[in-house]
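The structure appears below as structure tokens.
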Amino acid sequence: MLDTRTETLHVVYLARLREAFASSGEAFAFAGDGTTVAEVIETLRGRGGAWATELAPGRAVRIAVNQVMASPSTRVHAGDEVALFPPVTGG
Amino acid sequence: MLDTRTETLHVVYLARLREAFASSGEAFAFAGDGTTVAEVIETLRGRGGAWATELAPGRAVRIAVNQVMASPSTRVHAGDEVALFPPVTGG
Amino acid sequence: MTVRVQQAAFDIGDEIDGMRAGDARVGAIATFIGTVRDVNDAASVSALVLEHYPGMTESALGEIVADAKSRWNILDALVVHRVGKLEPTEAIVLVAVTSAHRQDAFAACEFIMDFLKTRAPFWKKETTPAGERWVDARQSDDDAAARWSPDTR
Amino acid sequence: MTVRVQQAAFDIGDEIDGMRAGDARVGAIATFIGTVRDVNDAASVSALVLEHYPGMTESALGEIVADAKSRWNILDALVVHRVGKLEPTEAIVLVAVTSAHRQDAFAACEFIMDFLKTRAPFWKKETTPAGERWVDARQSDDDAAARWSPDTR
């Protein structure tokens, strides 16, 4: 049987999250189609440390999937670019 | 007895009214304190011709007294500058 | 707070730079520029002549600007209005408002334009293929100014 | 409709002149310029660094502008947003909208700014005497964007 964990998406961290995670992004192995952004975040949170702090429930985290604003319930697919970032403050 | 008609104010005509009356303004003899702009306009209207047409009841005429927006009921005094003009169209 | 009435063209960039120069309290600049269109009320327009009431114009504009300053938290405001003959695409009027935050700047700028359109003594005469004609005032401008009754913010 | 993200400073007058050049249908140009203030949230600010999400920024801005065009009768819209290090009084963003009449230009300009503030992926980091800090989003910006629900005109 195929190990679906070999499917990957690319996670991008921006602004305060990029600094807190000391990473601008990474390849992320996941269970394949049907997985939601909320589930991806839940997995990241499980790493503890800055991940648990910055992604704690109640912290405002914004999401874009393939560079379009998305929500925790958005489903992701192999190859997707999932960006996590704080509320925007441009202008 | 003093002839109150020797009191004068200066009437100014602007834009379409200036053209219609072929005049940018004139000294205007009036009955003195207590006279309203409406009474001044009534006297001018009595001249007939363009005066009757442009100042006909229902035509939109705007008023300034001493260069401040005013209304038909504003009272005028000797030496006042009373301007009559169409609704403004600047900007 | 500056109001100017002039025949000469103005440079939009210079005017905006001049009013905000060196003021690091400014976070927002809202501006409006009114320009001559080549068509109005279904007729083509080749030129516009702006007439005004010289004694009253600056004071009327100054009062509108002072009123805006009393209603919103603005740092500065500038109104430049041209008179005389103008051609399509030329700028007629510039209103610029500076503030710490954008909401005050936008509201004050729009307020100044709405009252300039209904209270400042300027009149436009257009040159069309059928000859010259005075531009009629618009009901929509009266309606726009009426939005800003004293108890509306 | 043009959106640009750049490090370089821009000339406000040139940008406005460029977008309306020769278009005699334009009667109204509403613009907004956001500038760096030297104080924010009770701390003095000596510099600002603007970060963005390169892949997404232009498309997010393009969508906001397209949405404005679908809601109001506008002729053109321009958004220029700077990234990188900026100092107090420098311009961060320019939004300019042209239209035949001022109401459409004002509304579309304000709409674009409200959504840029809540939807475009930019983040500000300030340098203060206590060190660097990320600027917090403001509830008032969310409220401003919420005004424009699809059935509100």
Side-chain angles (χ1 to χ4, degrees), chain A residues 8-28 36-37 40-41 44-45 49-91, chain D residues 3 5 32-37 40-41 48-64 67 79-84 86 91-95 109-110 112-126 132-142 144-145:
Chain A
T8 59
L9 42 82
H10 192 69
V11 187
V12 173
Y13 310 118
L14 292 151
R16 198 190 64 237
L17 297 190
R18 178 178 47 72
E19 287 193 346
F21 302 158
S23 166
S24 60
E26 61 186 291
F28 181 90
T36 65
V37 175
V40 173
I41 291 175
L44 294 170
R45 189 186 293 139
W51 304 89
T53 311
E54 293 291 340
L55 301 177
R59 288 300 293 265
V61 173
R62 298 288 184 266
I63 300 153
V65 174
N66 296 331
Q67 307 178 352
V68 173
M69 283 289 195
S71 72
S73 62
T74 302
R75 295 184 187 282
V76 291
H77 307 93
D80 279 356
E81 178 172 305
V82 177
L84 304 180
F85 46 81
V88 302
T89 57
Chain D
V3 304
V5 178
F32 178 82
I33 303 150
T35 55
V36 183
R37 295 190 302 142
N40 190 33
D41 287 339
L48 205 62
V49 175
L50 259 293
E51 174 175 332
H52 74 129
Y53 181 9
M56 181 177 167
T57 321
E58 279 91 347
S59 64
L61 293 174
E63 239 177 83
I64 294 167
D67 198 1
V79 178
V80 185
H81 201 299
R82 292 180 67 193
V83 292
L86 300 177
I92 303 166
V93 61
L94 167 69
V95 175
C109 187
E110 222 173 325
I112 290 170
M113 273 309 301
D114 285 348
F115 279 82
L116 185 154
K117 283 267 185 186
T118 53
R119 293 297 188 105
F122 294 100
W123 299 271
K124 287 181 184 138
K125 192 184 208 177
E126 298 173 331
E132 296 193 327
R133 65 180 187 189
W134 290 99
V135 173
D136 279 331
R138 293 176 192 278
Q139 180 61 41
S140 60
D141 286 328
D142 286 333

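Model, not experiment: these values are computed from the prediction. In what follows, chains are A, B, ... by sequence order, proteins preceding strands, each numbered from 1.
Proximity to chain A (any heavy atom under 4.5 Å) is shown, for D/A60, by neither the backbone nor the side chain.
The shortest non-hydrogen separation linking D/F115 to D/A145 is CZ-O, 3.5 Å. Looking at every heavy atom in both residues, D/V36 comes nearest to D/I92 through CG2-CG1, 3.7 Å. Here the closest non-hydrogen pair linking A/A60 and A/P87 is O-CD, 3.4 Å. Looking at every heavy atom in both residues, A/G91 comes nearest to D/M113 through CA-CE, 4.4 Å.
For the ring-ring contact (aromatic ring centres under 6.0 Å, His included) condition, no pair includes a residue of residues 56-84 of chain A, sequence neighbours left out.
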Across chain D and chain A, going purely by atom type as modelled, what donor-acceptor pairs are there at a distance under 3.5 Å?
{"unit_1": "A/A15", "atom_1": "N", "unit_2": "D/E51", "atom_2": "OE2", "d": "2.7"}
{"unit_1": "A/R18", "atom_1": "NE", "unit_2": "D/E51", "atom_2": "OE2", "d": "3.2"}
{"unit_1": "A/R18", "atom_1": "NH2", "unit_2": "D/E51", "atom_2": "OE1", "d": "2.2"}
{"unit_1": "A/R18", "atom_1": "NH2", "unit_2": "D/E51", "atom_2": "OE2", "d": "3.3"}
{"unit_1": "A/E19", "atom_1": "OE1", "unit_2": "D/K125", "atom_2": "NZ", "d": "3.2"}
{"unit_1": "A/E19", "atom_1": "OE1", "unit_2": "D/W134", "atom_2": "NE1", "d": "3.0"}
{"unit_1": "A/E19", "atom_1": "OE2", "unit_2": "D/K125", "atom_2": "NZ", "d": "2.2"}
{"unit_1": "A/E81", "atom_1": "OE2", "unit_2": "D/Y53", "atom_2": "OH", "d": "2.4"}
{"unit_1": "A/P86", "atom_1": "O", "unit_2": "D/W123", "atom_2": "NE1", "d": "2.9"}
{"unit_1": "A/T89", "atom_1": "N", "unit_2": "D/F122", "atom_2": "O", "d": "2.8"}
{"unit_1": "A/T89", "atom_1": "O", "unit_2": "D/K124", "atom_2": "NZ", "d": "3.3"}
{"unit_1": "A/T89", "atom_1": "OG1", "unit_2": "D/K124", "atom_2": "N", "d": "2.9"}
{"unit_1": "A/G90", "atom_1": "N", "unit_2": "D/F122", "atom_2": "O", "d": "3.4"}
{"unit_1": "A/G91", "atom_1": "N", "unit_2": "D/H81", "atom_2": "NE2", "d": "2.9"}
{"unit_1": "A/G91", "atom_1": "O", "unit_2": "D/K124", "atom_2": "NZ", "d": "2.7"}

Would you sort out whether A/L84 and A/V40 count as a side-chain contact (heavy atoms from CB on, under 4.5 Å), showing the intermediate values? CA-CA 11 Å; A/L84 304 180; A/V40 173; 5.8 Å; no
